[in-house]
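Structure first, then comments.
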Amino acid sequence: MTERLDQPRELTPRLRLYYDPEAFGEFSERFARFLGTARFIVYMTVFVTVWLLWNVFMPVTFDPYPFIFLTLMLSLQASYAAPLILLAQNRQADRDRVQYEQDRMAAERDQAEIEYLTREIAGLRMALGEVATRDYIRSELQRLREELAEAGNRSPGAGSENPR
């Protein structure tokens with residue numbers, strides 16, 4: 001029977017597993033963090049040692065010498081660990097990318113502020129060059145006082161008022 005393209009498909013029940021990607025990502029990060037610890041290495045070493053000792057020295061063994069079941073279990077653990085570690089690394093890379101972008105924007109803001117402050121300082125220096133300094137004012141007052149003293153010494157009626 002050919003499907004008609006002018007009509008919607010009939011809905012059929014589907015079995016879909018739902019998982020929360022964020023929760024799964026957090027789980028993978030915790031798992032990857034645990035796999036990278038000395039505690040995990042010690043636990044794994046103890047587990048494999050006990051497994052080997054049991055299957056070599058005990059009369060009842062469940063995994064004789066080539067230890068195929070142990071190899072299968074370690075392969076299964078590795079096959080789950082690798083994708084979880086990659087997922088954790090991808091999430092960290094995403095966080096690093098966001099952090100890099102925020103750092104870049106902050107650096108641009110800081111650069112703009114530095115340029116603004118540099119211009120302000122340059123403007124203040126230029127304005128300060130036009131402001132009379134204390135030494136300049138003192139020298140001008142000293143010069144005026146000397147001029148007044150000379151003018152007072154030259155005029156015949158020094159001290160007398162000049163009528164207008």
Side-chain angles (χ1 to χ4, degrees), residues 1-140:
M1 177 174 177
T2 307
E3 280 190 50
R4 295 196 50 184
L5 296 177
D6 63 336
Q7 295 178 353
R9 291 183 181 169
E10 290 183 27
L11 294 177
T12 57
R14 292 184 183 179
L15 178 61
R16 282 208 153 167
L17 296 176
Y18 173 76
Y19 70 95
D20 181 13
E22 189 63 28
F24 192 73
E26 289 174 7
F27 166 75
S28 69
E29 287 175 345
R30 285 193 311 272
F31 185 78
R33 226 175 279 122
F34 174 68
L35 287 180
T37 63
R39 177 182 290 171
F40 172 76
I41 293 171
V42 169
Y43 288 168
M44 194 58 126
T45 303
V46 168
F47 174 77
V48 170
T49 303
V50 168
W51 184 286
L52 293 175
L53 291 175
W54 181 275
N55 285 293
V56 169
F57 295 113
M58 293 305 249
V60 177
T61 62
F62 53 90
D63 190 19
Y65 166 64
F67 307 115
I68 295 172
F69 189 53
L70 176 63
T71 305
L72 177 67
M73 287 181 47
L74 293 175
S75 297
L76 182 66
Q77 183 268 335
S79 70
Y80 275 97
L84 289 173
I85 290 170
L86 287 174
L87 178 62
Q89 287 176 341
N90 289 341
R91 288 172 52 92
Q92 184 61 45
D94 291 342
R95 279 195 297 274
D96 290 344
R97 227 181 338 276
V98 168
Q99 184 65 42
Y100 169 76
E101 183 64 26
Q102 290 173 347
D103 290 347
R104 188 185 61 74
M105 290 185 336
E108 285 177 358
R109 281 193 309 270
D110 292 346
Q111 183 65 30
E113 283 185 34
I114 289 170
E115 289 173 1
Y116 169 75
L117 291 174
T118 302
R119 285 191 299 273
E120 287 295 313
I121 290 172
L124 287 173
R125 283 184 177 168
M126 290 173 61
L128 202 60
E130 298 171 2
V131 173
T133 62
R134 180 177 53 192
D135 292 337
Y136 175 75
I137 292 173
R138 280 186 185 161
S139 67
E140 287 296 308

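Taking each heavy atom of Ala78 and Pro83 in turn, the nearest pair found is O-CD, 4.5 Å. Across all their heavy atoms, Thr45 and Ile41 have their closest contact at OG1-O, 2.6 Å. Annotation for Arg91 and Pro21: closest pair NH1-O, 4.4 Å, computed over non-hydrogen atoms.
Applying side chain to side chain contact (heavy atoms under 4.5 Å, CB included) to Val48 and the options Val46, Val50, Leu52 leaves one that passes, Leu52.
The 12-atom threshold is not exceeded at CZ of Arg134, counting heavy atoms of other residues, nucleotides or ligands nearer than 6.0 Å.
With hydrogens and angles ignored, the 3.5 Å screen pairs no side-chain donor or acceptor of Thr61 with any backbone N or O of Pro64. In terms of modelled atom types and a separation under 3.5 Å, the side chain of Asn55 and the main chain of Phe62 share a donor-acceptor contact.
Comment: Arg109 does not engage Glu113 in a salt bridge, judged by the lack of any side-chain N to carboxylate O separation of less than 4.0 angstrom.
In this structure, CE on Met73 lies 3.5 Å from CZ on Phe47, to the nearest 0.5 angstrom. The CG atom of Leu72 sits 9.5 Å away from atom CD1 of Ile68, with the distance rounded to the nearest 0.5 Å. Taking CD from Gln92 and CD from Gln99, the interatomic distance works out to 10.0 Å, rounded to the nearest 0.5 Å. Between Tyr100 atom OH and Asp96 atom CG the span is 12.5 Å, to the nearest 0.5 Å. Considering CZ of Arg95 and CG of Asn90, their distance stands at 11.0 Å, rounded to 0.5 Å. Rounded to the nearest 0.5 angstrom, Leu128 CG and Ile121 CD1 are separated by 12.5 Å.
Annotation: ring pair (Phe, Tyr, Trp, His ring centres under 6.0 Å) contacts of Phe34 (sequence neighbours excluded): Phe40.
For the pair Leu35 and Phe31, the minimum side-chain heavy-atom distance is below 4.5 Å. Residues Leu84 and Phe27 are in side-chain contact: their nearest non-hydrogen atoms beyond the backbone lie under 4.5 Å apart. Val98 has its side chain out of reach of Asp94: every pair of non-hydrogen atoms, C-beta onward, lies at least 4.5 Å apart. Counting only heavy atoms from C-beta outward, the side chains of Arg97 and Glu101 never approach each other to under 4.5 Å.
Annotation: ring-ring contact (aromatic ring centres under 6.0 Å, His included) contacts involving residues 105-129, sequence neighbours excluded, are absent.
Note: Trp51 and Phe69 meet the aromatic proximity criterion, with ring centroids under 6.0 Å apart.
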